[in-house]
Amino acid sequence: MLAAAAWPPAQASIGVLSRAAFKARRGRLLSWRFPATGPQASVADWDGEAPADMAVLLVADEAVLHALRGEGLAVLPRLVRRGELHAYVLKTRDALEAAGLDEFVEDLGLAFPRH
């Protein structure tokens with residue numbers, strides 16, 4: 001799914017988390033990374049704190065995450081607009097630009113923090 005999206009390399013990661021894990025502040029966190037060698041996905045324990053390199057955290061109910069797996073990443077903006085997927089921007093606009101994820105955040109239709 002990540003390879004099909006053909007996103008450019010980025011210096012920061014995107015996290016995907018179920019709403020239940022987010023609320024409980026524990027669970028499993030899926031991380032997407034985009035080094036020059038190609039996209040990578042990994043899973044790690046979530047303890048309520050995002051890794052330092054994470055720029056965006058996507059949180060949704062399990063059913064929405066299953067739909068995302070089935071339909072692909074092109075549905076991300078629609079899910080955000082509908083309020084079915086919550087995107088937390090964890091970096092400033094300058095940091096997003098430096099990391100190469102500013103276009104990803106713009107494509108989701110999110111506002112950039114300026115601080």
Side-chain angles (χ1 to χ4, degrees):
M1 182 171 72
L2 294 178
W7 285 336
Q11 305 288 322
S13 65
I14 298 169
V16 182
L17 192 63
S18 73
R19 188 175 318 281
F22 183 76
K23 286 181 179 179
R25 299 185 60 84
R26 64 184 174 98
R28 302 294 283 165
L29 172 70
L30 172 65
S31 293
W32 297 337
R33 288 182 175 72
F34 307 93
T37 56
Q40 301 171 350
S42 62
V43 178
D45 288 331
W46 166 257
D47 64 0
E49 294 292 325
D53 78 323
M54 190 163 288
V56 179
L57 178 63
L58 305 174
V59 177
D61 290 327
E62 289 288 339
V64 172
L65 296 177
H66 280 73
L68 177 62
R69 281 186 213 112
E71 297 180 43
L73 299 177
V75 301
L76 283 174
R78 181 181 51 158
L79 295 172
V80 170
R81 282 192 304 274
R82 288 182 179 174
E84 296 176 22
L85 182 128
H86 296 267
Y88 297 91
V89 179
L90 307 176
K91 303 286 185 189
T92 65
R93 180 181 191 139
D94 290 341
L96 289 168
E97 288 174 355
L101 288 174
D102 53 318
E103 286 185 32
F104 172 78
V105 174
E106 285 178 2
D107 289 347
L108 291 180
L110 300 174
F112 282 99
R114 272 283 182 202
H115 53 295

Side-chain heavy atoms nearer than 4.5 Å, only ILVMFWY residues, links allowed to pass through others: does that put [X] and [Y] together?
| X | Y | value |
| --- | --- | --- |
| Val16 | Val75 | yes |
| Val64 | Tyr88 | no |
| Phe22 | Val43 | no |
| Trp32 | Leu108 | yes |

Exercise. Could you walk me through whether Leu58 and Leu76 pass the side chain to side chain contact (heavy atoms under 4.5 Å, CB included) check?
Worked result: CA-CA 9 Å; Leu58 305 174; Leu76 283 174; 4.1 Å; yes
Problem set entry | Set of residues satisfying side chain to side chain donor-acceptor pair (under 3.5 Å) with respect to Ser42, sequence neighbours excluded |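 With neighbours one apart ignored, the set is Arg33.
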For this session: Report the residues that fulfil side chain to side chain donor-acceptor pair (under 3.5 Å) with Arg28, sequence neighbours left out, ordered by chain and then residue number.
Result: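 Asp45.
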Problem set entry | Residue pair Trp46 / Leu57, side-chain heavy-atom distance below 4.5 Å |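 The answer is yes, as the side chains (C-beta and beyond) meet within the 4.5 Å cut-off.
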For this session: For the residue pair Leu30 and Leu65, establish whether any side-chain heavy-atom pair is separated by less than 4.5 Å.
Result: no
So, for [X] and [Y], which heavy atoms are closest and what is the spacing to 0.1 Å?
| X | Y | answer |
| --- | --- | --- |
| Asp47 | Glu49 | OD1-N, 3.0 Å |
| Ala12 | Ala55 | CB-CB, 3.8 Å |
| Pro77 | Leu73 | CD-O, 4.2 Å |
| Ser31 | Met54 | OG-CE, 3.6 Å |
| Gly15 | Leu29 | CA-CD1, 4.1 Å |

Exercise. Charged N to carboxylate O under 4.0 angstrom, Arg19 versus Glu62?
Worked result: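 Salt bridge between Arg19 and Glu62, a charged N being under 4.0 Å from a carboxylate O: no.
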Problem set entry | Aromatic contact, Phe104 with Phe34 (centres under 6.0 Å) | no
